[in-house]
Amino acid sequence: MISLLTLFTLIIASIIYSSIILEQETESKSLSFNPIAAITSVCDLISEDSYSCFDSIASFYYAQTPSLDKISPFRIFIFSLYASRIELENVAASLQNAMSGVHVNPKSVVLRSCQGMIEFSLKQINEAEMSLGVDPDEKIWGFNEVVWDLQRWVGEAMGKVQTCVDLSKGIPENVRVEIREKSIVALQNLRNSKGILQNVDEIFGLFYPRIGSALGSLVWEFEYGLTVWLFCFGYLLLIFLFCMLLRVY
């Protein structure tokens, strides 16, 4: 009886030890604990130009959370919104400077039209940021209405910026290149934000894989495979011994 209890204790201890190791290794491989890999993975999924996507989002991660070693899908989306707003503000400033140096003519009408569209886009992005609050709860991702509203605001902003890009041929030559280039960058950042919203489920799958797939990936890695097998073997052996006890008593 004493030897059986000792065996039970050893098995339970090995299972607890294995579960702790597995939890640590799963966390270490999670994108939540690897911000750079997380941003890279998201950009690879949502953008055809993953390098510019990474640069625009990572710059805000480095600037605002230098002491944190965790990141979430929601935080990446927030950074993408920041990047969109900053670039829209740059376009708006360029348009304002261009307007001050242009006399009233057909090309100034195009500038003014673009200015109105960029201001509208900024308003939509501000609406999106305000709807999330100062310290938003990631649980709001579970509400389709919130995601739909964010998609609508970002989509409307994208439409106006795209129209401004299309009209840029009518902008005075001395400011055309600057305004067009900044508008294209703003448009790309908005596409990143919309891409995240359109791929919420896939992105969450990258961050929070099911336990089965997580264990499966660890099984095939030599350094962690033994721990997984030890955990499974110990668990099965514990069940077997418990069944034997039931038969005995």
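Just so we're clear, the structure is a prediction, and the values are computed from it rather than from any experiment. Residues: numbered from 1 along the sequence shown.
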Distance from Phe207 atom CZ to Phe33 atom CZ, nearest 0.5 Å? 11.5 Å
Consider only side-chain heavy atoms of I, L, V, M, F, W and Y, link residues closer than 4.5 Å, and tell whether Ile36 and Ile78 are in one cluster. yes
Roughly how far apart are Leu167 CG and Leu111 CG, rounded to 0.5 Å? 10.5 Å
Hey, does the side chain of Ser113 reach the backbone of Val109 with a donor-acceptor pair shorter than 3.5 angstrom? no
Any heavy-atom pair between the side chains of Val154 and Gln124 that's under 4.5 Å? no
Would you check if the side chain of Asn192 reaches a backbone N or O of Ser80 as a donor-acceptor pair within less than 3.5 Å? no
Salt bridge (charged side-chain N to carboxylate O under 4.0 Å, His left out) involving Arg85 - partner list, sequence neighbours excluded: Glu89, Glu129
State, yes or no, whether a side-chain contact exists between Leu187 and Gln162 at a heavy-atom distance under 4.5 Å. yes
Indicate yes or no for a side-chain donor-acceptor contact from Ser59 to the backbone of Ser56 under 3.5 Å, with no hydrogens or angles considered. yes
With a 4.5 Å heavy-atom cut-off, do Trp153 and Ser131 have their side chains touching? yes
May I ask you to test the Val161-Ile184 pair for a side-chain heavy-atom distance under 4.5 Å? no
Determine whether Ile76 and Ile203 make a side-chain contact, defined as any pair of heavy atoms from C-beta on separated by less than 4.5 Å. no
With distance as the sole criterion, is a donor-acceptor pair present between the side chains of Gln198 and Gln151 under 3.5 Å? no
Short side-chain to backbone donor-acceptor contact, Ser50 and Cys43, under 3.5 Å: no
Quick check: closest heavy atoms across Ser84 and Leu190, and the distance to 0.1 Å? OG-N, 3.4 Å
Between CD of Glu87 and OG of Ser183, what distance do you get to the nearest 0.5 Å? 10.0 Å
Flag the pair Glu119 / Leu95 as yes when at least one side-chain heavy-atom distance between them is below 4.5 Å, and no otherwise. no
Between the side chains of Lys182 and Ser94, does any donor sit under 3.5 Å from an acceptor? yes
Derivation and outcome, side-chain contact (heavy atoms from CB on, under 4.5 Å), residues Leu88 and Asn189: CA-CA 9 Å; Leu88 286 172; Asn189 289 345; over 6 Å; no
Under the side-chain contact (heavy atoms from CB on, under 4.5 Å) criterion, do Asp149 and Arg152 qualify, and how do the steps go? CA-CA 5 Å; Asp149 283 342; Arg152 176 172 58 82; 3.8 Å; yes
Pair Ser52, Asp49 - check side chain to side chain donor-acceptor pair (under 3.5 Å), show working. CA-CA 6 Å; Ser52 66; Asp49 188 358; 2.9 Å; yes
Looking at every non-hydrogen atom in both residues, tell me the closest pair between Gly155 and Lys194 and how far apart they are. CA-NZ, 4.4 Å
Run the salt-bridge test on Lys123 and Glu127 with the 4.0 Å N-O cut-off and return the result as yes or no. no
Report yes if the side chains of Phe77 and Leu197 come closer than 4.5 Å at any heavy-atom pair, otherwise no. yes
Yes or no on side-chain contact (heavy atoms from CB on, under 4.5 Å) for Ile118 and Lys160, after CA distance, side-chain angles and deciding distance? CA-CA 7 Å; Ile118 296 301; Lys160 294 298 184 182; over 6 Å; no
Grouping I, L, V, M, F, W and Y whenever their side-chain heavy atoms are under 4.5 Å apart, do Tyr62 and Ile57 come out in a common cluster? yes
Return the orientation label for the Phe79 and Phe60 ring planes: parallel under 30°, perpendicular over 60°, tilted otherwise. parallel
Verify side-chain contact (heavy atoms from CB on, under 4.5 Å) between Val110 and Lys169, making sure each step is shown before the conclusion. CA-CA 9 Å; Val110 176; Lys169 292 180 181 179; over 6 Å; no
Is Arg176 reaching over with its side chain to a backbone N or O of Ile171, donor-acceptor style, under 3.5 angstrom? yes
Is it true that the side chains of Asp44 and Ser41 contain a donor and an acceptor less than 3.5 Å apart? no
Do the non-hydrogen side-chain atoms of Gln188 and Arg191 ever get within less than 4.5 Å of each other? yes
Is there a path from Val185 to Met158 through hydrophobic residues (I, L, V, M, F, W, Y) whose side chains come within less than 4.5 Å of each other? no
